[in-house]
Asker: 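Submitted below is the structure of interest, expressed as structure tokens.
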Amino acid sequence: MPLQIYNSLNRQKQEFKPIKTNEITMYVCGPTVYDLSHIGHARSAVAFDVVYRYLKYKGFNVKYTRNYTDIDDKIINRANKDGVPWNEISERYIKAFDEDMAALDVELPTFRPKATETIREMIDVIQTLISKGFAYAMDGDVYYSVRKFAGYGKLSGKNIEELEAGARVEVDERKKDPLDFALWKSSKPGEPSWPSPWGEGRPGWHIECSAMSQKFLGDTIDIHGGGKDLIFPHHENEIAQSEAATGKPFVRYWLHNGFVNIEKEKMSKSLGNILTIRDALKNYSAEAIRLFLLSSHYQSPIDYSADALKEAEAALERYYRTLERMERDWPNVANAPIPEEVKQEILKPFIHAMDEDFNTVAVKRFIFQWVNDVNSLMDFASRTGIDEEFQKTLPRAALIFKEIGGILGIFNRNWQEYFQEKKSRSRIPADEIEKLIVKRAEARTNKDFKKADDIRKELEEKGVLLEDTPKGTVWRMKI
RNA sequence: GGCGGCGUACCCAAGUGGCUAAGGGAGCAGUCUGCAAAACUGCGAUGCAGCGGUUCAAAUCCGCUCGCCGCCUCCA
């Protein structure tokens with residue numbers, strides 16, 4: 001069963017056939033670094049992180065490029081507002097973005113170029129476009145002639161006549177046509193600038209992706225990703241630039257992720273509901289945020305809410321409790337080796353789900369079906385002893401959890417780590433809890449259940465749960 | 001106005017032509033427990049926004065209607 005990918009270019013799920021047999025080239029639009037990244041950036045990053053991990057898992061050598069847009073009007077505006085040099089802004093937020101990605105366990109792409117490191121290549125592409133008649137210089141600016149490119153609109157499904165009719169932005173006098181967009185912008189005194197054949201200036205937004213993609217991955221690439229909002233005009237313009245310049249197809253498969261809404265509303269500056277990754281991490285674990293993001297298909301809109309995140313935390317708790325029970329109570333059974341052919345067989349449903357346009361929701365379902373199965377078997381084994389079914393199933397589940405954990409970047413910690421981290425967030429010191437547990441044990445021995453229950457209730461109000469097990473009382477953090 | 005998407009149980013969310021429509025959360029009942037918690041077991045859509053149509057067969061394809069959303073302007 002080959003990998004099927006939904007391609008925005010023809011709005012169909014189609015079989016994925018890379019240009020080369022073993023190598024895949026993939027480009028994803030990275031952030032414009034003028035502010036902290038928000039949960040929407042996290043979704044895009046996590047979605048394509050899973051694509052990247054899965055393609056590697058399938059055995060491909062993936063060359064993955066994600067850029068930093070580190071020169072842009074928004075960066076300049078922010079710098080003016082803060083009264084600092086523009087590159088201080090971009091450096092600050094590149095660092096912040098990298099930290100956020102690391103916190104979310106997003107793997108580093110192969111190449112992470114900055115726009116400002118690729119200026120020379122951008123100028124080359126612009127010159128090619130001018131010499132081929134697709135672009136024209138005008139008083140230090142360079143514009144792309146949209147009407148010269150026959151395929152304009154093929155990605156976004158727009159046609160030029162309607163765009164013309166709907167054009168309502170202030171028309172730049174120097175443009176020959178309102179639809180034309182800037183490849184190069186002349187700079188005003190005091191603004192950041194680079195020398196070019198057209199004078200001092202800076203690149204337009206769209207050209208950087210064409211230049212960086214070409215520089216690091218070649219003229220035609222396998223996969224290009226980004227948020228749905230980038231389809232028009234950004235990706236449409238990238239196609240126009242790259243294909244006009246090289247005369248070759250730019251991208252074989254376009255992938256676009258859906259938005260994150262906040263409590264059913266679109267995130268926007270005007271609504272003031274931008275949720276930064278940092279703020280989300282203050283309330284929820286990175287792993288829960290990842291699970292939340294992967295609990296819907298990457299193309300669907302999703303709704304960030306306290307309920308949804310709590311649900312993700314609860315699911316993780318359930319998973320790690322199961323893992324704990326397996327590895328603590330039956331380590332020898334759980335870690336028994338699995339023959340390679342059995343491994344291939346039991347992984348089939350997961351592979352099949354991921355091959356269907358990265359169906360992470362189905363993968364999650366399988367994980368929890370295994371969770372249910374092993375819990376059921378462990379219940380049975382605790383009562384009546386180990387049987388053949390148990391010995392067969394437990395190591396298989398352990399293997400599946402490990403393999404899938406690597407692909408999703410979730411479910412891949414060990415249980416000690418998971419519970420330790422949660423306990424470290426307790427507002428009451430551990431030794432104080434331990435003391436209360438001893439006190440409660442005494443009360444229980446004396447059949448003073450009122451006192452025992454009061455202690456448990458007291459701790460519960462502070463977020464600590466006590467559980468009485470055959471091996472004594474243990475404590476956990478409430479979700 | 002143009003383009004695109006969505007509407008599946010109380011909530012979240014898979015399934016996109018054919019076995020009893022996944023899974024999670026919440027709820028109820030039971031097992032276990034001093035009581036709980038966890039775990040397990042059982043219950044829960046005769047139905048997939050509505051109405052028509054195609055088909056031996058439709059949540060799944062087609063048409064219409066209703067509702068919601070995104071893009072068309074910087075935006076993941």
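The chains referred to below are lettered A, B, ... by the order of the sequence lines, with proteins before strands, and numbering in each begins at 1. Fair warning: this is a prediction, and the values are worked out from it, not measured in the lab. Side chains are part of it too, since the values below use all heavy atoms of this structure and drop only hydrogens, waters and symmetry mates.
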Asker: Mark up nucleotides 34-41 of chain B, 5' to 3', with B wherever a protein heavy atom is under 4.0 angstrom from a base atom, S wherever such an atom reaches only the sugar-phosphate, and - elsewhere.
Answerer: BBBBSBSS
Asker: Scan residues 275-288 of chain A against RNA chain B and write down, sorted by residue number, each residue with any heavy atom closer than 4.0 Å; if none is found, say none.
Answerer: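 Going residue by residue through residues 275-288 of chain A, none turns out to have a heavy atom under 4.0 Å of RNA chain B.
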Asker: Pick the C1' atom in B/G70 and in B/U46, then give their distance to the nearest Å.
Answerer: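 Result for the C1' pair: 36 Å, nearest Å.
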Asker: Tell me the closest heavy-atom pair linking A/Asp141 and A/Tyr143, and the distance in Å.
Answerer: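 Closest heavy-atom pair between A/Asp141 and A/Tyr143: OD2-OH, 3.4 Å.
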Asker: Parallel, tilted or perpendicular for A/Phe358 and A/Tyr54, by the 30°/60° rule?
Answerer: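 Perpendicular.
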Asker: Here's one to test your reading of the geometry: is the NZ or CZ of A/Lys266 within 45 degrees of the ring axis of A/Phe259 and under 6.0 Å from its centre?
Answerer: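 Cation-pi check for A/Lys266 and A/Phe259: passes.
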Asker: Who pairs with A/Ser44 by side chain to side chain donor-acceptor pair (under 3.5 Å), at least two apart in sequence or on another chain?
Answerer: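 A/Ser44: side chain to side chain donor-acceptor pair (under 3.5 Å) contacts with A/Asn257.
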Asker: I'd like to know whether A/Lys364 forms a side-chain hydrogen bond (donor to acceptor under 3.5 Å, both in side chains) with A/Ser295, so could you lay out the CA-CA distance, the side-chain angles of the two residues, the decisive distance to 0.1 Å, and finally the verdict.
Answerer: CA-CA 7 Å; A/Lys364 180 182 157 191; A/Ser295 291; 3.1 Å; yes
Asker: Taking only residues two or more places apart in sequence or in another chain, which ones pass side chain to side chain donor-acceptor pair (under 3.5 Å) with A/Tyr320?
Answerer: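 Applying side chain to side chain donor-acceptor pair (under 3.5 Å) to A/Tyr320 gives A/Glu287.
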Asker: Quick one: side chains of residues 384-399 of chain A, donor-acceptor pairs under 3.5 Å with protein atoms, not counting sequence neighbours, listed by atom name and distance.
Answerer:
unit_1	atom_1	unit_2	atom_2	d
A/Thr384	OG1	A/Phe380	O	2.9
A/Asp387	OD1	A/Glu389	N	3.4
A/Asp387	OD1	A/Phe390	N	2.9
A/Thr393	OG1	A/Glu389	O	2.8

Asker: Identify, residue by residue, the members of residues 37-45 of chain A with a heavy atom below 4.0 Å from RNA chain B, and return them in order of residue number, or none.
Answerer: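 Close to the strand are A/His38, A/Gly40, A/His41, A/Ser44.
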Asker: Any idea which heavy atoms bring A/Ile277 and A/Leu104 closest together, and the distance?
Answerer: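 The pair with the smallest heavy-atom distance is CG2-CD1, 3.9 Å.
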Asker: Give, ordered by number, those residues of residues 227-242 of chain A having at least one heavy-atom distance below 4.0 Å to an atom of RNA chain B; if nothing qualifies, reply none.
Answerer: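 Of all residues in residues 227-242 of chain A, the ones placing a heavy atom under 4.0 Å from RNA chain B are A/Gly227, A/Asp229, A/Leu230, A/Phe232.
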Asker: Using side chain to side chain donor-acceptor pair (under 3.5 Å) as the criterion, list what pairs up with A/Tyr253, not counting sequence neighbours.
Answerer: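 If we apply the side chain to side chain donor-acceptor pair (under 3.5 Å) test to A/Tyr253, skipping adjacent residues, there are no hits.
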Asker: Which residue pairs satisfy the salt bridge (Lys or Arg N to Asp or Glu O under 4.0 Å) criterion with at least one member in residues 68-77 of chain A, sequence neighbours excluded?
Answerer: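 Residue pairs passing salt bridge (Lys or Arg N to Asp or Glu O under 4.0 Å), neighbours aside: A/Asp72-A/Lys74, A/Asp73-A/Lys185, A/Asp73-A/Arg202.
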Asker: Checking understanding here: a glycosidic angle within 90° of 0 is syn, the rest anti, so what is B/G24?
Answerer: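 B/G24: anti glycosidic orientation.
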Asker: How far, in whole Å, is B/A21 from B/A36 if one measures between their P atoms?
Answerer: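 So the two P atoms sit 36 Å from each other.
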Asker: Wobble G-U and Watson-Crick pairs count when both distances are under 3.5 Å; given that, what is the 5' to 3' dot-bracket string of RNA chain B, with | for pairing to other strands?
Answerer: ((((((((.[[[..)..(....]]].(((((.......))))).....[[[[[..)....]]]]])))))))....
Asker: Can you tell me which residue pairs pass the salt bridge (Lys or Arg N to Asp or Glu O under 4.0 Å) test with a partner in residues 309-321 of chain A, sequence neighbours excluded?
Answerer: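 Applying salt bridge (Lys or Arg N to Asp or Glu O under 4.0 Å) to every pair that reaches into residues 309-321 of chain A, excluding sequence neighbours, yields A/Glu317-A/Arg321, A/Glu317-A/Lys422, A/Arg321-A/Glu467.
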Asker: Which residues, if any, of residues 293-314 of chain A bring a heavy atom under 4.0 Å of RNA chain B?
Answerer: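 Residues of residues 293-314 of chain A under 4.0 Å from RNA chain B: A/Ser295, A/Ser296, A/His297, A/Ser300, A/Glu311.
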Asker: For the residue pair A/Arg476 and A/Phe419, would you count it as a cation-pi contact if the rule is NZ or CZ under 6.0 angstrom from the ring centre and within 45 degrees of the ring axis?
Answerer: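 Judged by the rule (NZ or CZ under 6.0 Å from the ring centre, within 45° of its axis), A/Arg476 counts as positioned above A/Phe419.
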Asker: Would a line drawn from the ring center of A/Phe292 to the ring center of A/Tyr304 be shorter than 6.0 Å?
Answerer: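 Distance test on ring centres: under 6.0 Å, yes.
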